[in-house]
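These numbers were taken from a predicted model, which means no experiment stands behind them. Computation of the quantities below employed the complete heavy-atom set of this structure, encompassing side-chain atoms and omitting hydrogens, waters and symmetry-equivalent molecules.
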Amino acid sequence: MTIPSAEGFLPAASCLPCTAEEERAAVDALTREADANVKDGDLRYLISQSWWTNWQSYVGLLSYGENDTDIPLQPASRPGEIDNRKLVLEETSSGSEDTELQRTLREGEDYTLVPQDVWRKLYDWYKGGPEISRKVICEDPTSRRYIVDVYPLHLTLIDERDNSARTIKLSRKAKVSELYRLVCSLLSVEQSKVHIWDHYQKLKNKKLTNRNETLEEAQLLMDQEILLEVSADDIWSSDHCTRSTSNELALLPLEPTTSSFSIAGGPNFSNGYSSGIGSSLSQDNSLNPLVKDIEDGYSNFSNGTKDDIHGLTGLHNLGNTCFMNSAIQSLVHTPPLVEYFLKEYTQEINTENPLGLQGELAVAFAELLRKLWSAGRTSVPPRAFKSKLSRFAPQFSGYNQHDSQELLAFLLDGLHEDLNRVKKKPYIEAKDADDRPDEEFAEECWNYHKARNDSIIVDKFQGQYKSTLVCPECNKISVTFDPFMYLSLPLPSTVTRMMTVTVFSGTGDSLPMPYTVTVPKNGVCRDLCKALSDACCLKESETLLLGEVYDYRIYRYFSPLELLHIIKDGDQLVAYKLPAGHEKLLRIEILHRNVDRFTPEPQFNARKLIGSPLVTCIPNDSTRKADIYAAVSAVLAPFVRANVHAPGESLLNGSRPSLDGIVLRDNGASCEKGLSTSNVDEARSDAEFLPFKLYLSDDKGHIRNPVEEDSDHVFGLPMRLLMGWSDKEHEIYNLKYMDDLPDVFKPGFMSKKTRQEAVNLFSCLDAFLKDEPLGPDDMWYCPCCKEHRQASKKLDLWRLPEILVVHLKRFSYSRYMKNKLDTFVNFPIHDLDMTKYAKHTSGGDQPHIYELYAVINHYGGLGGGHYSAYAKLIKEDSWYHFDDSHVSSVNEEETRTSAAYLLFYRRVDGNSCAMSDVVPVDIHMVDSLEA
C-alpha cells in the first residue's frame, strides 16, 4: 500500500510530528547549509538558552560524559513551547528586528543564535516566541568574518530647532552617510541643510563630517545624544559651527581615529562566527600623539587639592564599563608602568609584530595614562581607548558587563606584543630536560622565552613556574618550565565540598553512623567512597554501596564514576557496608511501614513509609523463608533495645546464612567456601515465634505478598521486602536510629560560620600548587607508554616577577550553573613573603617580599555586579577608591574585603621601582610630549 504525501493536505504552517532523531538531523543540515552560505544581511534568530539546552538534551546532542562534566543524567523529555519572554523588555508590534532586548544578555548563557531556516523549523514544531531576529554583518570581506548585530546602536537625536528628542537605531557598522539619510528622511529635511554633531554628555564634541566612516569609527556610543543643526538658508555662520553650551570646558581638537567593528551584544559570544583580531592600520591612523578634545577632561580652573596631587582622576562609565575602568586604574597606578609611559617609550613600539596591534593599543593606553596622571583634571571618558580596544578585541565591544580579569589579561598581552623589542622572533625547538638539573633547564627555557618575548611587560609582570607530570603506569617524569603573567588561585571552598553520609552495616555489626568528609567538588562518587572508607575504618573484605534515600525508600544507587556535582546539598545519602563481591550475591532491600496489630490480618497504615531502608545480602541459592528471616534478623540486631528478650531470640542471635565464606576468584566470580545455611525448623517460622512480619514488595512498598517457604526470585534483581511495624516491633527495636537522615550539607549555622571564616591567601596558594591528577579530557601523552595517560600534575613557582598579580577565582561557569563565591580571603597588605614558594632566587638568598598597591573589587552577583578599584599612591603613602568617575580616600584596612577579586603586589626588596622617583606631569607637559 502506498501512503500519499501529506503535501497539499496540511496547512503550510503545520508540520507532521518528527522523532527526536529526525529533528536533530533536520536542524543539523539546515545549520550546516546556512553557515556554508552565510552572507551580509542574513538573519539570525535568538532563542532562550535554557529552552535550547532542553531541546539539545531531548534530541541527544547532550549526553553524560560527552564534552561537559555538568550534563544531567536523566533522559530529557520533549520541551514545550519556545519561551523567549525573558530575553525581551517588551514585545513590539513593528517587527521582530525592533524587539527590545534585555541589556545584559550573554550568548551561550542567556541565548543562542540560529539561522532563519532553523528558527522556522523549530517554530513549526514547537510554536511559542516572541520572534527575535538580528542581521548578519560582514566584518571583513577578505577573510569572510561575520558578526551578528544583536544590539544595534541606540542614539538619541536632539533637534536643535525645538529641542525635541527621538530614538533611532542603526548598526554600528552603518556609515555616517546612512545616519544622515535616516535623519533627513525622518524629519523631511534636505541633507545639504543639516549638520550632525557628536553630542556626548550634551556637549558638542565634533561635527560628523566624514561620511565614509562607520558610526563606531566615529566613536558614537550606545544611548548617547547626537545633535541636529538645520540651516534655513544654506549659509552656515562661523559662530554657528563653533558655539557651545554654557557649561562646556576649554577644548582642543581630537585625533581622528578608526575604531573597530563591534559585536553588538557584549561578551565574546555575540556572533556565531570567528571574530578574529584586526591587524591593519587605516590610512588616518598613526602613532602621533592623540590630540585632545572635550572628552579628555581638561579644565580651565583648579579643582582645589587635587591640583597638587597626580593620579586621582576618575574614568567615566560609558555603559557597563566599570570592569574596564577598574583594570585601567590598577595598571596606571603600577609604578614601573607609570615611569615607563611618562618617559619616551615610542622607540620600543613594534609595528612589525603580526601578533601585535601595530602599536595602536600601546599608544592609546599611554595617552590615557598621561591624562590620568595630569594635574587639574576632571574625570576622563575613555572613549578613544575603548574604541581601540574594541577594534582588536571584539569580545569587549558593546556595553555588557565583562570579567575584569579577562580584560586585564588581554591588555597586558596586547601591550607586550606592541612593545616587544624582538622584531623578528627566532624559531626555537622545544627541548626536554633529559635529566638535567632544574636550574640549568629552567635558565635555558627562560632564555628561549626572552629570545622571542622581550618587553616592559615581560620585565615586570612575568614569572616562571615549573610543571611536573608523572605517568601513573611507567612513572615517567616530564618537567617543563613555562612563563606566567598572573596567578589564578582557586579558593579552597571552590575545589572541595563537605558531604555527610550515613553508613549502615549490611551484616548487623553496628548501628548507623553519619560521617562528614571532604571531597573534590569536581570529583566522582569513587572519591566519596574512598573518603568514607577511611572515615569508618572499612575492612579489606568490605565495600560500600552508595545510594540516595528519598521518601524513606532507596531512590537510586550511584556508580563509582558518577560526578559528585549531581548530588545536591539537600539530598540524603546512605552507604551500606557489604562484603566485597556483593554483586554476585542476592541483595535484599528492606522497607518499613506501620501496621495495626489488633486486626486478624495486618492492616498497613495508609501513611507513607517510615525509617530508613536497610540492605543486606544472601547467597543466590539461600532464598528459603527461614534464610530470608534470618538475614533480616541479623541486620536488625543492632537496633534491639537494651534488656529486651523478644520471641524468636535464636533468630536474633544470628542463625542465618553466613557471608564470611564469600571469596572472590581472580576472575571476579564468587564461590562459597564452607558456607553454612540456616537449619531453623520450619515451624519456627510461624508468626508465633517470629518477632516481625515480612512481605515481598516493590521499590515503593505498594505491593504486599507473603514470603513463602520457597520464594521464587528473578536472578540478577534485588529482593525487596516490606517489614510491618506494630507496637510489638516498636517495643523490640529502636527505630530512632533509622529516622531523620542528615542532609548532605545543611545550610545553617555551620555554613554561615564557614562563610564568615577567613580563607588565608596562602591556603589558596597551596591549593593551586598541590599535586592533582589531570582530568579525563586533559590526558597527557606519555612518550614511554606511547599512550595518553591521566598523569598527576604538580606546579611550583620557580621565578617570581617584580609585579605579582593574583587572581582569586570567585566565579565558576557551566552550561547549567553560574556561581560566585563571596568568601573573605585574608591577604596581607604589607610583607607578603613568597620566599618559600620561589624555588629559584636570582642574586643569592634575597627574600621575595611584596607590598600591596592595588585591588580590583567585584560587588554583587553574576551579570549585575559592579567593579571598582583601590589604588595606592606610593609617594603619598595613601589609598584611594576609584569607583568610575568618583575618587575618594580610604583607610588602608578598608581595602581588605570579601569583594577583592584581583590583587596587585610590587616587590619591595630593593629592585623595584619607587614612585618617589616619578616626576609629576601637568597639562603642559602632556601637550608637548611626542610619540
Novice: Would you check if the side chain of Lys202 reaches a backbone N or O of His199 as a donor-acceptor pair within less than 3.5 Å?
Specialist: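 Looks like no, no N/O pair under 3.5 Å.
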
Novice: Is the shortest side-chain heavy-atom distance between Tyr880 and Val890 below 4.5 Å?
Specialist: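 Of all side-chain heavy-atom pairs linking Val890 with Tyr880, none is under 4.5 Å.
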
Novice: Any donor-acceptor pair under 3.5 Å linking the side chain of Arg810 with the backbone of Leu821?
Specialist: yes

Novice: Taking it one step at a time, do Leu179 and Leu170 satisfy side chain to side chain contact (heavy atoms under 4.5 Å, CB included)?
Specialist: CA-CA 8 Å; Leu179 175 63; Leu170 275 175; 3.8 Å; yes

Novice: Measure the CG-CD1 distance between Leu372 and Ile328 for me, rounded to the nearest 0.5 Å.
Specialist: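 Answer rounded to 0.5 Å: 7.5 Å.
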
Novice: Check whether the ring centres of Trp52 and Tyr111 lie less than 6.0 Å apart, and answer yes or no.
Specialist: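 So the answer is no for these two rings.
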
Novice: Are the side chain of Arg134 and the backbone N or O of Val150 linked by a donor-acceptor pair below 3.5 Å?
Specialist: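 Checking the backbone N and O of Val150 against the side chain of Arg134, a donor-acceptor pair under 3.5 Å is found.
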
Novice: Salt bridge or not for Lys388 and Glu360, using N-O below 4.0 Å?
Specialist: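 Yes, charged N to carboxylate O under 4.0 Å.
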
Novice: May I ask you to check whether Asp110 and Gln102 show a side-chain donor-acceptor distance below 3.5 Å?
Specialist: no

Novice: Mind running salt bridge (charged side-chain N to carboxylate O under 4.0 Å, His left out) on Asp35 and Arg32 for me, showing each step along the way?
Specialist: CA-CA 5 Å; Asp35 289 347; Arg32 290 177 184 272; over 6 Å; no

Novice: Give me the atom names and distance for the closest heavy-atom approach of Phe882 to Ala871.
Specialist: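 Minimum heavy-atom contact is CE1-CB, 3.6 Å.
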
Novice: Is it the case that over 12 heavy atoms from other parts of the model lie below 6.0 angstrom from the CD atom of Glu33?
Specialist: no

Novice: Using 0.5 Å steps for rounding, measure from the OG atom of Ser133 to the CG atom of Leu43.
Specialist: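 That separation rounds to 5.0 Å.
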
Novice: Show the numbers, then the answer: is there a side-chain hydrogen bond (donor to acceptor under 3.5 Å, both in side chains) between Tyr870 and Glu894?
Specialist: CA-CA 9 Å; Tyr870 294 119; Glu894 293 181 55; 5.7 Å; no

Novice: What I'd like to find out is whether the side chain of Leu361 reaches to under 4.5 Å of the side chain of Phe410, using heavy atoms alone.
Specialist: yes

Novice: Say you draw a straight line from CD of Glu178 to OG of Ser185; how long is it, rounded to the nearest 0.5 Å?
Specialist: 13.0 Å

Novice: Could you measure the distance from the OG1 atom of Thr214 to the NZ atom of Lys173? Nearest 0.5 Å is fine.
Specialist: 5.5 Å

Novice: Heavy atoms only: give me the nearest Pro79-Trp51 pair and the separation to one decimal.
Specialist: CB-NE1, 3.8 Å

Novice: Will you find, in the side chains of Asp83 and Ser48, an N or O donor that is under 3.5 Å from an N or O acceptor?
Specialist: no

Novice: Tyr867 and Phe811: which non-hydrogen atoms are nearest, and at how many Å?
Specialist: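 Between these two residues, the closest heavy atoms are OH-CE1, 4.1 Å.
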
Novice: Which heavy-atom pair separates Leu902 from Val805 by the least distance, and what is that distance?
Specialist: CD2-CG1, 4.2 Å

Novice: Between Thr313 and Val887, is any pair of side-chain heavy atoms under 4.5 Å apart?
Specialist: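 When only atoms from C-beta onward are counted, Val887 and Thr313 do not touch, as no gap falls below 4.5 Å.
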
Novice: Lys169 vs Glu100, test: salt bridge (charged side-chain N to carboxylate O under 4.0 Å, His left out). Steps then yes/no.
Specialist: CA-CA 11 Å; Lys169 300 178 185 179; Glu100 193 74 19; 3.1 Å; yes

Novice: Does NZ or CZ of Arg383 come closer than 6.0 Å to the centre of the six-membered ring of Tyr200, within 45° of the ring's axis?
Specialist: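 Relative to the ring axis of Tyr200, which defines the angle, Arg383 lies inside both limits.
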
Novice: If we ignore hydrogens and angles and just use 3.5 Å, is the side chain of Arg497 paired with the main-chain N or O of Leu564 as donor and acceptor?
Specialist: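 Side chain of Arg497 to backbone of Leu564, a donor-acceptor pair under 3.5 Å: yes, one is there.
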
Novice: Step by step, would you call Glu213 with Lys175 a salt bridge (charged side-chain N to carboxylate O under 4.0 Å, His left out)?
Specialist: CA-CA 6 Å; Glu213 68 179 354; Lys175 301 286 187 181; over 6 Å; no

Novice: I'd like to know if the side chain of Asn317 and the backbone of Ser885 have a donor-acceptor N/O pair within less than 3.5 Å.
Specialist: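 The answer is no, because no donor-acceptor pair under 3.5 Å joins these two groups.
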
Novice: Any chance you could lay out the side chain to side chain contact (heavy atoms under 4.5 Å, CB included) test for Leu157 and Thr167, step after step, and finish with the verdict?
Specialist: CA-CA 6 Å; Leu157 175 64; Thr167 299; over 6 Å; no

Novice: Hey, does Val88 have a side-chain heavy atom less than 4.5 Å from the side chain of Ile132?
Specialist: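 The answer is yes; the side chains approach within 4.5 Å.
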
Novice: For a side chain to side chain contact (heavy atoms under 4.5 Å, CB included) check, start with the C-alpha distance between Ile82 and Leu122, then their side-chain angles and the critical distance, and finish with the verdict.
Specialist: CA-CA 8 Å; Ile82 300 171; Leu122 292 173; 4.1 Å; yes

Novice: Within the side chain of Glu406, is there an N or O that forms a donor-acceptor pair under 3.5 Å with the backbone of Asp403?
Specialist: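 Looks like no, no N/O pair under 3.5 Å.
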
Novice: Has the side chain of Asn37 got a donor or acceptor atom that lies under 3.5 Å from a matching backbone atom of Ala34?
Specialist: no

Novice: In terms of the angle between their ring planes, are Tyr45 and Trp119 parallel, tilted or perpendicular, with boundaries placed at 30° and 60°?
Specialist: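 Answer is parallel, since the angle falls under 30°.
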
Novice: Ile137 versus Asp40: any side-chain heavy-atom pair under 4.5 Å?
Specialist: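 They are in side-chain contact.
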
Novice: Would you say the side-chain atoms of Gln329 pair up with the backbone N or O of Ser326, donor to acceptor, closer than 3.5 Å?
Specialist: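 Judged by distance alone, no pair lies under 3.5 Å.
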
Novice: Of all the heavy-atom pairs spanning Ser330 and Ile856, show the shortest one and how long it is.
Specialist: OG-CG1, 3.2 Å

Novice: Quick check: do Asp223 and Leu155 have side-chain heavy atoms less than 4.5 Å from each other?
Specialist: no

Novice: So, for Phe824 and Thr897, which heavy atoms are closest and what is the spacing to 0.1 Å?
Specialist: CD1-C, 3.6 Å

Novice: Do Arg78 and Tyr126 form a cation-pi contact, if we require the NZ or CZ to be under 6.0 Å from the six-membered ring centre and within 45 degrees of the ring's axis?
Specialist: yes

Novice: Could you tell me whether a side-chain N or O of Thr19 sits under 3.5 Å from a main-chain N or O of Glu22, the two making a donor and an acceptor?
Specialist: yes

Novice: So, Glu131 and Tyr123: side-chain donor and acceptor under 3.5 Å apart, yes or no?
Specialist: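 Judged by distance alone, the side chains do not pair up.
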
Novice: Hey, could you give me the SG/CG distance between Cys322 and Asn857, rounded to the nearest 0.5 Å?
Specialist: 11.5 Å

Novice: Please determine whether side chain to side chain contact (heavy atoms under 4.5 Å, CB included) holds for the pair His866 and Asp884, giving the CA-CA distance in whole Å, both sets of side-chain angles, and the decisive distance to 0.1 Å.
Specialist: CA-CA 10 Å; His866 177 66; Asp884 290 330; 3.5 Å; yes

Novice: Just say parallel, tilted or perpendicular for the rings of Tyr901 and His807, cut-offs at 30° and 60°.
Specialist: perpendicular

Novice: Rounded to the nearest 0.5 Å, how far apart are CH2 of Trp197 and CG of Leu208?
Specialist: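 If we round to the nearest 0.5 Å, Trp197:CH2 and Leu208:CG are 9.5 Å apart.
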
Novice: Could you tell me whether Lys568 and Asp571 make a salt bridge, using a distance below 4.0 angstrom between a side-chain N and a carboxylate O?
Specialist: no

Novice: Angle class for the His402/Phe323 ring planes (parallel below 30°, perpendicular above 60°, tilted otherwise)?
Specialist: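 Tilted: the ring planes of His402 and Phe323 meet at 30° to 60°.
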
Novice: Verify, without hydrogens or angle tests, whether Arg44 (side chain) and Ile147 (backbone) share a donor-acceptor contact under 3.5 angstrom.
Specialist: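 The answer is no, because no donor-acceptor pair under 3.5 Å joins these two groups.
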
Novice: Only one of His858, His886, His881 passes side chain to side chain donor-acceptor pair (under 3.5 Å) with Ser868; say which it is.
Specialist: His881

Novice: Report the C-alpha separation of Arg120 and Asp117 in whole Å, then their side-chain angles, then the decisive distance to 0.1 Å, and conclude whether the salt bridge (charged side-chain N to carboxylate O under 4.0 Å, His left out) test is met.
Specialist: CA-CA 5 Å; Arg120 288 174 176 171; Asp117 289 340; 3.8 Å; yes

Novice: Under a 4.5 Å cut-off applied to non-hydrogen side-chain atoms, are Leu228 and Leu187 in contact?
Specialist: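 Touching, per the 4.5 Å side-chain cut-off.
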
Novice: Is the distance from the ring center of His333 to that of Phe904 below 6.0 Å?
Specialist: no

Novice: If you define the side chain from C-beta out and look only at heavy atoms, does anything of Leu46 sit under 4.5 Å from Val114?
Specialist: no

